[in-house]
Undergrad: 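Mind looking over this structure? Questions follow.
None of the values given here were measured: they were computed from a predicted structure. Here is the naming used below: chain letters follow the sequence lines, and residue numbers restart at 1 for every chain.
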Amino acid sequence: MHGTDLQIAICGSAGDGTIAAGDILKRTMALMGYKVIAFDLYPAEIRGFGKCIARVRVSSEQAYSLKHHSDVLVSLHDGHAIPHVGEVRDFGAVIFDDAPIARVAEGGHMSAHVRPAQIPYGASLRAISEQASGNARGRNIAALGYLAGLYDIPPEAFQQTIMRKFAGKPEAVTEANMQAFDAGYDVGAGVFKLDDVTMEPPSYQAEGARAVMMTGNGATVRGLLDAGIECFFGYPITPATSIMERLAQEMPLRGARLLQTEDEISAIAATIGAGYAGARAATATSGPGLALMAEMLGLGVMAEVPSVIVVSQRGGPSTGMPTKTEQSDLNMAVFGASGDAQRIVLAPTNVEGCYRCAGKAFELAERHQTPVIVLLDLYLSNRYETVIPPKTNPFAPKPFEGPSVGGGPFRRFAETPTNVSPRALPGQAGGVHTITGLEHNELGRPSDLPEMHAAMSRKRHEKLIAATEHPGLTVAKRFGDEGPVPVGILGWGSTFGEILEAMFAAQAEGLPCTAMKVVMLSPLPLEHIEAFFADCTHVLVPELNYEGQFAQLICGATGKPVTRLTRATGTPMQVEDILSEVRRLAATGQPSEGETDERGLEASLS
Amino acid sequence: MNADWKPVYLEEKLTEIRADGHQGYRSRSLPTWCPGCGYFSMSEGFTIALREMGIAPENVVVVSGIGCASRFPFFVNTYGFHTLHGRTLPVATGIKQANDGLTVVAVGGDGDAFAIGAGHIPHAARRNVDITYLVFDNGIYGLTKGQTSPTSELGFKTSTSPYENGDMPLNPLMMLLSYRASWVGQAYAGRPHHLADMIARAIAHRGFSYLHILSPCVTFDKTTRTYANLDIQVCDVPDDHDRADLMAAMAMAESSDYPALGVFYEEQRPTLGDVMEEIGRRARSVPIHGGVIAAE
Amino acid sequence: MGEPSRYAIIGSGSAGFGAARTIRERDPEARISLVTISSLPFYNRYDLPKLFLGVEDWRDLLAVPTEVFDMLDIQLRRASRVVEVDGRNLTIQFAHNEVMGFDRLLVCSGGGGYLPAALSDYRHLLHDFGSFEQAVVTRKAVPKGGTVIMLGGDMIGLDLAFTLVDTGHKVILVTNDHTFWPHQIAPEERGELLDALTATGIEIIDGRRPTAIEDIGGRLPRRMVFSDGTTASGNVIMAFCGQQPSVEFLLSAGIDIERGILVNTQLQSSNDAIWAAGDVCQIWSDAGKGYKFYHGWKNVRIMGEIAARNMTGAEEAFDDPDPLAIRVEDGRIWSSFWEH
């Protein structure tokens, strides 16, 4: 990557303002016109002093994932940050407080842990803040000032972000933070820079003004809103809760309704009820919630009711690891329900994809009269990327066309060339009908005749196939080298960022490489996938689960072998792991999964 | 569908027979209930109530769960959603959220309501969702051929409690009253005219109305909740009962040996729809800090 | 087997690093902490003049690769200022509010540049060359062909002066009592040595007493004013007037200190647990019946190694090495101070 590409990690304890500092940093960088990708880690516990880490990758060109190594680590709490000092690359920087007010336990200070090839910067962050503003709480902001001074980043953009961040707070608070920043800046600017971290001026300043920082969940919300969501029902669950929280603020402004239900069953039941009554209705949950929703999902398939279910995966099974990321709900998203219950599943791979998938989900749900799952994961839900919002809303809903009132009873499940039947909404004369979770005939009346079940099963499956050619929706996309290559990487969801980075790295090493993301996991865009297989000697499928659920899905659909690269650590995939597997496949054609599995585990636990 | 496969619908042949207004509320499907089942009078009472209230069939949605009672939507000529076991109320809530203009009636039996679906009742009641909930209580699982239900009496013998039921039966009226359902009443399948009247009053209520309907299961309960027994037990809600008095309603619900028929409790308070409208008004009058989405 | 011994070494120059490596060789179990105020790993100070030879990156000055610290399992504590050593409880107090215990301590914190009292008000106008960071700042202040005024001219300074002259800079040497420090120069030798400097291209100002330093801006912003009213201007002024030991943090260590830490021939201080090596210590000389400083790169390195061996059970003496020698060879000055 040319130009700037650095990753800054800020680590502290809950209450140190770690996440807030990371937030100001990434917004400032976006404002300046850099591309930003960021991911915060919080403790699962609400109380206490758990570890928080904000990682921000700042680059001139769009990056696709966080880097395994940070260039700079800022410690706001040495106890938490010391275990992470190893993530700083050689000749990178470690910034810490060299004048803490409390006695430090022996060996508990960062200076004892900075690796010999890293550069330690002791900065009296607490004292700087206290002297500047009379308050030690501005340590985090003083640290940002120090960073800006050290790396010669113009302070104006920071000051602007700080003003915005504290807008609505008493003026004294803003003032204190500005003072802490300025004081930190002065100190940082006076420090002799010994590391080799560099920043070049951003190259996209014009876009900077329009660029916004968004999380995957934030972009999902934006997509749902732009698509005209009318009803939302949800039950709080990490990491999907912020979707409901933001919708709760925004929907009433637009006359739309949000209800916090008593559980996930109720949430999806009401979503399907509202969908039946013609509203664009959605719910959002995580794996455990999706498990509760499975029966209702089957009803949505059987009764052919549109609904949108956003699922942000976390570590499982069961309650699992609520604050860790994983891609292990693919099977449940694609198959979970009794019977043959095919539905549409979309898995965006980046923040902008969240917006597109969420925005298109209603259209798909309505056109194909089916539940649509938008499958995210914690790493995608919570990570920030710079996105340029579209100037006009691409998802504006079209008015519903009522039933053509003819003679006789309304044939809700009538046979049609597209296998999609006419639909009528309660309140519409001439469309009166009853739908059911029982197998039924064209009228929706219960029927368990063998021919009926066969015909209806076929209809429910066939009607979805056209979804793989839905206009304006990327269902799969290939990157990298064209034509036949030794190794192709096939991926889905948030891991695709690391896949792309690995592909670029392989190409930079002179290894021809291609990568394809599959966004529509159900029904599978087989044409794209088979063309990809035809070009690749080896297909590598990296994903964050133990068994390789996507690999299984692909093998089942294509009947072709793949090389799995699976990780069940609760942490994002590492570019280096994918890359070394690509190298191995390119060189020998022999995968060695056991070995890489262990290495990945070690690296993630360290 | 297969080109050589031609379904023949009995209901289509019967269309012309059902010409009068009342039949307009009945569907073309014949009820599948056993001859003599109490549910016939409920179905009849419901269509009478709709006709008398002048509500057009297309503006009515009947939502049901699973069970004998839940087959109800197939037998009335309104929009209908035969959902899952126990999930009637959340689906009905969703429909009402989507379209306040619809008359939404949730229907279920005692198993659907008080076993698998019991968790949803307090929430629909406290939110005062403007729907009507008709629970047909025969104290037994009929569709699965006679098992114990949450309202089965102590000592009742069924296929799943062959050595007598030892579980204390629920008192649905007490539950609904304590959940603050804003309209609670009771009717009996053996008094169809009163039942039709009560259904009409329940639908007319603005807010969450709960009508408990006692019914025998003529097939699987020959001893306990029979027409003969119920005829003797039921009585009328006294004329001087104060329908605004929650404690009095609870006292009446507590004496379940002699079920009182009529309105137990009634109050007017904002419905879920009212609350939603109010939230919208508040949201639009109070600017949210910084334009949340724009900044995010 | 008891707990491994804890060795603390203050100062990460050649004495400190050499001591750490020696301790590791002799005690595989030892816990070794190398403490320094510097932000860089071990580099040789005598290599700093290379900055004028085109070296820009500190990595090119490293005495050992950074991996060595891990290989030898030496904990490197940088950016760590020691404010106090407690000789009774055997602890080190850091400025960052941490207390570290030790079983044995080696102090080789070296010395800081000495500045004659008459010029102490002008320190802010002087350039330094004591660390990589200072050296870079100084180099940047001296353009190609620029002028450096050097006050004193100790052996560290002269080493730099030769490099400056060799790289096309002008050096004005203002001599004083510290010229050729730490050599004791007999008056009859002085002339020959100064002539040799002049022959190298260094301009000598001899016998004038500087009274002030001024910032006059312009092309040659630093001006030295002498008592006779004359002046000399240059890009930078640097003082090289010998070293004075850095011992402030040892005042409550309960060890004997005169100018430096007083140690016996085995480099052990009056506290059995504390040793010293390098420019920071004065070593007992039986011959001289007194405590003497022993300067010079090689002496410093050897002292570190001997101290380390003695800390790990040996009983070696650092006794009377060859006295430092200086002479003119083939027109250039040669000094054993510069031997590595």
Undergrad: Nearest 0.5 angstrom please: A:F96 CZ to C:H96 NE2, how far?
TA: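 Taking CZ in A:F96 and NE2 in C:H96, the distance rounds to 8.0 Å.
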Undergrad: Report the distance from atom CZ of C:F132 to atom CG of A:L194, rounding to the nearest 0.5 Å.
TA: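 Spacing of CZ (C:F132) from CG (A:L194) equals 6.5 Å.
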Undergrad: Can you tell me which portion of A:Y121 sits under 4.5 Å from chain C's heavy atoms? Options are side chain, backbone, both or neither.
TA: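 Neither; nothing under 4.5 Å.
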Undergrad: Can a donor-acceptor pair be found, under 3.5 Å and without considering hydrogens, that links the side chain of C:R78 to the backbone of A:R115?
TA: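 Judged by distance alone, yes, a pair lies under 3.5 Å.
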Undergrad: May I ask you to name which of A:S124, A:A99, A:A102 has the most heavy-atom pairs under 4.5 Å with chain C?
TA: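 That would be A:A102.
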Undergrad: Among C:I74, C:V137, C:V35, C:V99, who wins on heavy-atom pairs under 4.5 Å with chain A?
TA: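 The answer is C:V99.
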Undergrad: What distance separates A:S111 OG from C:I37 CD1, expressed to the nearest 0.5 Å?
TA: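 Nearest 0.5 Å value for the OG-CD1 distance: 11.5 Å.
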Undergrad: Is atom CZ of C:R31 surrounded by more than 12 heavy atoms (other residues, nucleotides or ligands) closer than 6.0 Å?
TA: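 No.
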Undergrad: Highest number of heavy-atom pairs under 4.5 Å with chain A: which of C:E67, C:Q75, C:E98?
TA: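 Ranked by contacts with chain A, first place is C:E98.
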Undergrad: For the CZ atom on C:R81, are there more than 12 heavy atoms of other groups (residues, nucleotides or ligands in this structure) within a distance under 6.0 Å?
TA: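 Atom CZ in C:R81 is not crowded, with 12 or fewer foreign heavy atoms closer than 6.0 Å.
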Undergrad: Does C:N97 use its side chain to pair, donor to acceptor, with the backbone of A:I101 at less than 3.5 Å?
TA: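 Yes; judged by distance alone, with no hydrogens or angles, the pair exists.
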Undergrad: Output the residues of residues 134-142 of chain A for which the shortest heavy-atom distance to chain C is under 4.5 Å, in residue-number order; output 'none' if no such residue exists.
TA: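 So far as heavy atoms go, nothing in residues 134-142 of chain A approaches chain C to under 4.5 Å.
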Undergrad: Can you tell which of A:M110, A:H113, A:E106 has the highest number of heavy-atom pairs within less than 4.5 Å of chain C?
TA: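 It is A:E106.
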Undergrad: Is there a side-chain contact between A:D98 and C:F94, using heavy atoms and a 4.5 Å cut-off?
TA: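 Heavy-atom side-chain distance check fails, nothing below 4.5 Å.
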Undergrad: Does C:W58 form a ring-ring contact (aromatic ring centres under 6.0 Å, His included) with A:F91? I'd like the steps, not just the answer.
TA: CA-CA 11 Å; C:W58 56 266; A:F91 315 115; 5.6 Å; yes
Undergrad: Do you know which of A:A117, A:G122, A:A112 has the most heavy-atom pairs with chain C at a distance under 4.5 angstrom?
TA: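 Heavy-atom pairs under 4.5 Å are most numerous for A:A112.
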Undergrad: Quick one: what part of C:Q93 sits under 4.5 Å from any heavy atom of chain A, side chain, backbone, both or neither?
TA: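 Side chain only.
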Undergrad: Only pairs of heavy atoms separated by less than 4.5 Å count here; which of C:P41, C:P65, C:A79, C:S39 has the most with chain A?
TA: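 Heavy-atom pair counts peak at C:S39.
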Undergrad: Under a 4.5 Å heavy-atom cutoff, which of C:E133, C:R77, C:M100 has the most pairs with chain A?
TA: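 Most pairs with chain A among the choices: C:E133.
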Undergrad: Side chains of C:D57 and A:D196: closer than 4.5 Å at any heavy-atom pair?
TA: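 A side-chain contact under 4.5 Å is absent here.
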